[in-house]
Amino acid sequence: MERIGLVGLPNSGKSSLFNALTGGNAPVASHPFSTTESSVGVAQVPDHRLDALAKMSSSRKVVHAGVELVDIAGLVAGSSTGEGLGNRFLGGIREADAICLVLRAFEDDNVPGGTDPVDDLGVLELELVLADLSSAETQLERRRKAVKQDRSLEGSVVALERAIAVLSEGAPLYRAPLGAEDREQLRPFFMLTNKPVLAVVNVGEDSAGDDTVIKPVSDELGGSAEVLGVSVKLEAEAAQLPPADRSELMEALGLGEGALPRVAQAAYRLLGRRTFLTTGDKESRAWTFRAGAKAPECAGVIHSDLQRGFIRAEVVHWDELLVLGSWSKARDVGKLRVEGKDYEVTDGDVLEIRFNV
């Protein structure tokens, strides 16, 4: 399972967000560095399609997709040169596949720290950029020496030179118009700012659902990252309630299902993941696959034997199946498509794999 690192300044609310999403118990306190070690948990990805299919099939078990989250030790100005928990912080990010920046926009006299999310964004990006610049310059020197013996390394030298030019201007790589080939060449160097980014603006309870609070961050990022507004305190408190009470509270506040499902779904999309479904009386399950995968690869997500012995996949989209009411009905009326090894599975497909090993 791929992982997303939660990154923020002290008292940004990232540990509370982690706990709310995963049901974890990462330490939360109003002083810096209450998080000194990374906590790892899995956030369930809500999916109304799966819930509807499970109800249709009277499934005894329902299994949602998940996203692995890592609550990383807090960053401060100077982390790139070892201030605070700098090295531990940077190491945690390097191990993540994507980054969720948690930016504070709430006011609380009992919790020290600034309340301007754009300022937070600037500090976080600067530290990541400085760390990447130092790493890239070191790697470039090594690659220039190595390319004399191995000309196949020329592409990585060019990519590092382009990355250094961007970073030297103080810009993170995820904001830069680098091509796919350059980004792929940079992948082995684990550049912190070459990872996809999601921004969560932690707003006050009275600003929950008010998109004007997040607009300055959206404007600053200019489309290079999705931005979501969340009242982390409110969501964390609601997450402790039984599902029925939680839904009642959110509805009473005019927040619908709340922001946590949107955060989990956005994190899932950020990793380029998609979902296919299986359903039956024993179990309905959401399976994660990479966008663009073909049927045998998706079969292998269920079990390696299914990929090895793949014959065909019977496929129907979830909404068609729901209208028909059952798998057998879909087969009877000819709505099941028989797809072979070249079929590219789409998000929301319901599959039944035929195989022989």
Does [X] belong to the same Ile/Leu/Val/Met/Phe/Trp/Tyr cluster as [Y], with side-chain heavy atoms less than 4.5 Å apart forming each link?
X      : Y      : result
Tyr174 : Leu133 : no
Leu53  : Val323 : no
Val350 : Ile311 : no
Leu324 : Leu277 : no
Met56  : Phe276 : no

Is any side-chain heavy atom of [X] closer than 4.5 Å to a side-chain heavy atom of [Y]?
X      : Y      : result
Phe310 : Lys294 : no
Glu161 : Arg144 : yes
Val201 : Val227 : yes
Ile4   : Val67  : yes
Ile214 : Asp211 : yes
Val315 : Leu336 : no
Leu321 : Trp327 : yes
Leu69  : Val42  : no

Ignoring hydrogens and angles, state whether a donor on the side chain of [X] or [Y] is under 3.5 Å from an acceptor on the partner side chain.
X      : Y      : value
Ser284 : Ser57  : no
Asp132 : Thr193 : yes
Arg143 : Ser156 : yes
Thr346 : Asp349 : yes

Grab the two heavy atoms, one from [X] and one from [Y], that are nearest each other, plus how far apart they are.
X      : Y      : value
Leu306 : Ala299 : CB-O, 3.5 Å
Leu50  : Val63  : CD2-O, 3.3 Å
Leu6   : Phe18  : CD1-CB, 3.6 Å
Ser207 : Val213 : CB-CG2, 3.9 Å
Gly280 : Ser59  : O-OG, 2.6 Å
Val166 : Pro172 : CG1-O, 4.1 Å

Does a side-chain N-to-carboxylate-O contact under 4.0 Å join [X] and [Y]?
X      : Y      : answer
Lys215 : Glu220 : no
Arg3   : Asp97  : no
Arg269 : Glu226 : yes
Arg187 : Glu184 : yes
Asp332 : Lys329 : no
Arg337 : Glu314 : no

Query raised in the report: Mind checking what makes salt bridge (Lys or Arg N to Asp or Glu O under 4.0 Å) contact with Glu181, not counting sequence neighbours?
Result: none
Would you say the side-chain atoms of [X] pair up with the backbone N or O of [Y], donor to acceptor, closer than 3.5 Å?
X      : Y      : value
Arg312 : Glu339 : no
Asn11  : Gly113 : no
Arg142 : Glu137 : no
Asn202 : Val232 : yes
Ser58  : Ala54  : no
Ser224 : Leu221 : yes
Lys14  : Asp71  : no
Tyr268 : Arg274 : yes

Report task. Take Ile93 and Leu128 through the side chain to side chain contact (heavy atoms under 4.5 Å, CB included) test and state the conclusion after the steps. Result -> CA-CA 9 Å; Ile93 299 179; Leu128 298 179; 3.6 Å; yes
With a cut-off of 6.0 Å (strictly less than), are more than 12 heavy atoms of other residues, nucleotides or ligands near [atom1] of [X]?
X      : atom1 : result
Tyr343 : OH    : yes
Lys233 : NZ    : no
Glu141 : CD    : no
Glu283 : CD    : yes
Glu107 : CD    : no

Query raised in the report: Roughly how far, to the nearest 0.5 Å, is CZ of Arg49 from OG1 of Thr279?
Result: 13.0 Å
Report summary line: dist Phe289:CZ -> Arg273:CZ (nearest 0.5 Å) comes out at 9.0 Å
Query raised in the report: Checking side chain to side chain contact (heavy atoms under 4.5 Å, CB included) for the pair Val301/Thr288: CA distance, chi angles, key distance, verdict?
Result: CA-CA 8 Å; Val301 172; Thr288 297; 5.7 Å; no
**Report entry** Criterion side chain to side chain contact (heavy atoms under 4.5 Å, CB included) on Leu167 and Leu173, from CA distance to verdict
**Finding:** CA-CA 7 Å; Leu167 296 165; Leu173 297 177; 4.0 Å; yes
Report task. Report yes if the distance between the aromatic ring centroids of His64 and Trp287 is under 6.0 Å, otherwise no. Result -> no
Report task. Dump the intermediate steps for salt bridge (Lys or Arg N to Asp or Glu O under 4.0 Å) on Arg104 and Asp120, then the final yes or no. Result -> CA-CA 7 Å; Arg104 177 175 172 176; Asp120 279 13; over 6 Å; no
Requested in this report: Might you work through the side chain to side chain contact (heavy atoms under 4.5 Å, CB included) test for Glu95 and Val70, ending with a clear yes or no?
Outcome: CA-CA 10 Å; Glu95 295 171 359; Val70 185; over 6 Å; no
